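One structure below.
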2 protein chains.
Amino acid sequence: MARTPRNTLSADLIVRTALDLMEVKGADAFSLRGVAAELGVGPMALYTYFRNKDDLYDAVRDHLMGLLPAVPDGAPWPDQVRAVCRSLRLLMLQHPCLVQLLAGRPLSGHETARVAEGLLGVLLAAGFDAETAARTHTTLFTYVLGSTSWEIQMAAERRDPEAWRRLRASMESLSARKFPSVVELAPELARTTGGDEQFDYGLDLLLAGLAVRTPS
Amino acid sequence: MARTPRNTLSADLIVRTALDLMEVKGADAFSLRGVAAELGVGPMALYTYFRNKDDLYDAVRDHLMGLLPAVPDGAPWPDQVRAVCRSLRLLMLQHPCLVQLLAGRPLSGHETARVAEGLLGVLLAAGFDAETAARTHTTLFTYVLGSTSWEIQMAAERRDPEAWRRLRASMESLSARKFPSVVELAPELARTTGGDEQFDYGLDLLLAGLAVRTPS
DNA sequence: CACCGTACTATACACTGTACGTTAGGGAGA
DNA sequence: TCTCCCTAACGTACAGTGTATAGTACGGTG
């Protein structure tokens with residue numbers, strides 16, 4: 001039997017291969033057997049490096065989080081907050097599979113702690129007290145997550161012609177009597193689903209609300 | 001062969017059975033064969049009423065959306081907005097499987113249009129222009145979705161003792177040198193993950209930001 | 001050189017969604 | 001009342017999935 005020579009695998013190699021597969025097939029369609037085949041290895045070989053599939057998910061997520069840039073220093077804190085939020089959003093756009101990775105599992109891992117550290121540091125330096133900083137961090141994080149997830153998933157739907165046709169059809173079939181506002185605002189709703197402007201609109205609302213309670 | 005008598009099934013019965021199963025097992029662990037077995041029927045019987053699994057997911061989601069109460073009228077618009085957001089959040093808390101149902105698929109169906117109609121109607125009546133109303137609707141919706149999804153999933157993690165232990169361990173192991181803010185704010189972060197207060201904090205930020213651009 | 005731990009393989013199991021072809025029950029028309 | 005057809009439900013089958021378990025050969029260490 002032409003056995004694979006030893007030590008050709010590594011956790012890092014597996015993570016990168018898994019990531020490549022997720023990028024083309026989507027994180028949900030990704031399979032352990034797929035990455036094993038890609039590496040020319042039996043499915044069970046992966047279990048030497050990862051406890052199970054979820055463990056591999058966590059590793060890939062942490063790997064992606066490691067790509068986030070550091071917080072720019074020397075800028076006013078609202079700009080810093082904006083930068084952190086935007087770079088997380090950008091990362092999600094570049095790696096759509098991150099949506100599923102972040103949605104299904106909780107935060108853990110050093111890389112994830114690193115992004116939390118950046119945002120919390122900015123908020124503390126701005127003079128917010130501990131509780132407000134923590135609350136604001138959670139709010140911003142969940143906003144970026146929810147907003148960008150939504151955008152990415154809608155974009156995916158738009159690419160699938162069959163699904164897109166059905167969505168349009170169900171929109172058109174809405175009675176203008178029963179749903180006057182939805183029907184009237186249909187074009188605006190379509191236009192405001194995603195995009196930098198939409199993201200910044202919500203982010204600005206949050207920052208404007210935060211400005212009211214700015215310390216000092 | 002003791003065949004199931006005809007016409008005992010219906011789309012509605014299947015949806016309710018599927019929902020029951022999702023509530024106890026989670027929407028991801030739910031299986032078509034499971035609901036078929038529950039109904040004393042072969043797996044393929046369901047395909048008479050639903051095209052595939054996703055189609056059933058959509059039906060269950062729309063069924064849940066139908067449980068949302070109407071917008072209370074006669075209140076100031078910020079209170080109305082708060083009410084809509086809170087009732088969506090409440091519905092998600094009561095039916096955690098709704099998180100996966102909303103995350104995986106786009107909005108469609110009449111019941112979903114109904115909730116959009118409610119919120120949009122309030123915003124238009126408040127005097128916002130079409131674009132602002134649409135943008136605000138999207139922002140509020142994605143905030144509620146992201147924030148509540150996060151909360152529910154964290155709560156689920158907390159219930160699983162093994163996962164919870166590992167999460168605590170990875171928190172404790174963080175170097176206070178490299179992650180001073182995270183370590184220092186750990187108790188606050190744990191406390192502000194979820195709960196009505198945290199939800200309202202973010203919602204109030206958004207509404208405060210919105211108040212700045214209130215018309216008239 | 002012998003040994004042992006470990007990195008990998010092989011086999012197997014219990015599942016999943018669903019395509020395909022078949023069968024039987026109930027309602028409609030003669 | 002008999003007949004026919006439509007369709008709801010059936011059974012079988014297939015290509016997958018994650019992973020438990022047991023076995024095997026290689027590399028480094030004594």
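Because only heavy atoms are used, hydrogens play no part in the values below, and waters and symmetry mates are left out as well, while side chains stay in. Lettering of chains follows the sequences in order, A, B, ..., and the numbering in each one begins at 1. Remember, it's a predicted structure, so these values are computed and weren't measured experimentally.
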Using the rule given for salt bridge (charged side-chain N to carboxylate O under 4.0 Å, His left out), can you reason through A:Lys178 versus B:Glu117, listing the C-alpha separation, both sets of side-chain angles and the distance that settles it, and then say yes or no? CA-CA 9 Å; A:Lys178 294 185 64 179; B:Glu117 178 65 28; over 6 Å; no
Where the side chain of A:Val41 is defined as all heavy atoms beyond and including C-beta, which of C:dT9, C:dT18, D:dG18 is the nearest nucleotide?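 Within the option list, the nearest is C:dT9.
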Identify which nucleotide among D:dG18, C:dA10, D:dC10 has an atom closest to any side-chain atom of B:Met44, counting heavy atoms from C-beta outward.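 Among the listed nucleotides, the one closest to the side chain of B:Met44 is D:dC10.
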Sole residue of A:Val81, A:Asp79, A:Asp200 in side chain to side chain contact (heavy atoms under 4.5 Å, CB included) with A:Leu207: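 Of A:Val81, A:Asp79, A:Asp200, side chain to side chain contact (heavy atoms under 4.5 Å, CB included) with A:Leu207 is met by A:Val81 alone.
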[N] [atom2] sits how many Å from [X] [atom1], rounded?
| X | N | atom1 | atom2 | answer |
| --- | --- | --- | --- | --- |
| B:Tyr47 | C:dG17 | OH | C1' | 5 Å |
| A:Leu46 | D:dT17 | CG | P | 12 Å |
| B:Leu39 | D:dA9 | CG | C1' | 12 Å |
| B:Leu9 | D:dT7 | CG | P | 17 Å |
| B:Lys53 | D:dG16 | NZ | P | 18 Å |
| A:Phe50 | C:dC8 | CZ | P | 12 Å |
| A:Phe30 | D:dG16 | CZ | P | 17 Å |
| B:Asp28 | C:dT16 | CG | P | 13 Å |

A:Ser149-A:Gln100 side chain donor-acceptor pair, cut-off 3.5 Å: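 Note: A:Ser149 and A:Gln100 side chains miss the donor-acceptor criterion.
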Distance only, no hydrogens: is a donor on one side chain within 3.5 Å (strictly under) of an acceptor on the other, for B:Thr136 and A:Tyr201?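 Yes - a donor-acceptor pair under 3.5 Å links their side chains.
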Reckon A:Tyr49 touches a base, only the sugar-phosphate, or nothing at all at heavy-atom distances under 4.0 Å?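 Sugar-phosphate contact only - A:Tyr49 comes under 4.0 Å of backbone atoms but never of a base.
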What does A:Ala45 touch in the nucleic acid at a heavy-atom separation under 4.0 angstrom: a base, only the sugar-phosphate, or nothing?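 Touches a base.
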For B:Thr48 and for A:Leu32, locate the closest nucleotide of DNA chain D by heavy-atom distance; then report the residue assigned to the nucleotide nearer the 5' terminus.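 So the residue in question is B:Thr48.
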A:Arg51 or A:Lys25, whichever maps to the more 5' nucleotide of DNA chain D: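 Counting from the 5' end, the first nearest nucleotide belongs to A:Lys25.
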Can you find an N or O donor on one side and an acceptor on the other, under 3.5 Å apart, linking the side chain of B:Arg33 with the base of C:dT18?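 In this structure, the two groups form a donor-acceptor pair.
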Main-chain N/O of A:Leu145 paired to A:Thr148 side chain as donor or acceptor, under 3.5 Å: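 No; zero donor-acceptor contacts below 3.5 Å.
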